[in-house]
Student: 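For reference, the structure I am asking about is given below.
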Amino acid sequence: VLHPLSDHGEAATKALQAQASRAAPVPKESLKAQEFFGLGFSASDPDQQLFYYSEAIRLDPRFEEAYYRRAITRKVKGDVDGAVEDYSRAIELKYRRRDLAYSGRADALRERAEARRSVDDIDGALRDYEHASRFGRSSSGASVYKLVEKVMIARRLKQELLKGTA
């Protein structure tokens with residue numbers, strides 16, 4: 001049984017329809033980029049993930065989540081330089097978006113710090129950990145205290161490396 005809309009419901013529907021008709025159309029490339037991103041996200045093979053995320057980025061060069069996910073995949077495959085490059089691009093794009101919660105920035109900074117630490121770029125890792133710690137809790141649950149702890153560990157590693165070269 002269908003019931004007629006109330007006057008309020010009908011007015012709201014008309015207002016939304018009018019607003020939708022004035023909205024700019026979504027570019028087809030963005031829709032395709034989302035499709036490739038979804039394929040990458042559901043793929044289990046890292047080579048397929050890299051292909052799909054790269055296609056999403058090719059179609060939408062401002063797709064920060066595709067850079068972030070491709071960075072994770074690159075890190076898994078051992079391409080740390082590529083991962084750091086993608087994390088950096090994701091972070092840059094995340095800073096441009098004003099509506100993004102700080103947790104996304106903290107996550108990208110934390111991940112980039114981990115990648116830098118894995119190739120003994122202790123100074124870069126320290127900068128990223130310290131920067132991430134300013135944002136509070138990341139979506140992965142890494143609190144400020146955990147990030148500061150990682151900063152301290154990275155500092156200790158740096159001191160040990162410097163002692164080893166002296």
Student: Are Phe63 and Phe41 grouped together when hydrophobic residues (ILVMFWY) are joined by side-chain heavy atoms under 4.5 angstrom apart?
Tutor: yes
Student: With distance as the sole test, does Gln49 use its side chain to make a donor-acceptor pair with the main-chain N or O of Ala43 at under 3.5 Å?
Tutor: yes
Student: Tell me the closest heavy-atom pair linking Ala56 and Ala33, and the distance in Å.
Tutor: CB-O, 3.4 Å
Student: Can we call the ring centroids of Phe37 and Tyr52 under 6.0 Å apart?
Tutor: no
Student: Rounded to the nearest 0.5 Å, what's the gap from OG on Ser42 to CD on Gln48? Could you check?
Tutor: 9.0 Å
Student: Are any side-chain N or O atoms of Tyr67 and backbone N or O atoms of Pro61, one a donor and one an acceptor, separated by less than 3.5 Å?
Tutor: yes
Student: Are the side chains of Glu64 and Arg89 in touch, meaning some heavy atoms are under 4.5 Å apart?
Tutor: no
Student: Before accepting this row, confirm whether a basic side-chain N of the pair Lys77/Asp47 lies closer than 4.0 Å to the acidic partner's carboxylate O.
Tutor: yes
Student: Working to the nearest 0.5 angstrom, can you tell me the gap between Asp79 CG and Leu50 CG?
Tutor: 8.0 Å
Student: Taking only Lys NZ, Arg NE, NH1 and NH2, and the carboxylate oxygens of Asp or Glu, determine whether Lys32 and Glu35 approach each other closer than 4.0 Å.
Tutor: no
Student: In Å and rounded to the nearest 0.5 Å, what is the OG to CG distance from Ser54 to Asp86?
Tutor: 7.5 Å
Student: What distance do Asp128 atom CG and Ser88 atom OG have between them, rounded to the nearest 0.5 Å?
Tutor: 7.5 Å
Student: In this structure, which one of Arg112, Arg110, Glu114, Arg116 forms a side chain to side chain contact (heavy atoms under 4.5 Å, CB included) with Tyr87?
Tutor: Arg112
Student: Consider only side-chain heavy atoms of I, L, V, M, F, W and Y, link residues closer than 4.5 Å, and tell whether Leu59 and Phe51 are in one cluster.
Tutor: yes
Student: To the nearest 0.5 angstrom, please state how far the CD atom of Glu55 sits from the CG atom of Leu39.
Tutor: 10.5 Å
Student: Decide whether Ile72 and Val84 are clustered together by the hydrophobic rule: side chain heavy atoms of Ile, Leu, Val, Met, Phe, Trp, Tyr closer than 4.5 Å, transitively.
Tutor: no
Student: OH of Tyr68 to CG of Asp107: how many Å apart, nearest 0.5 Å?
Tutor: 4.5 Å
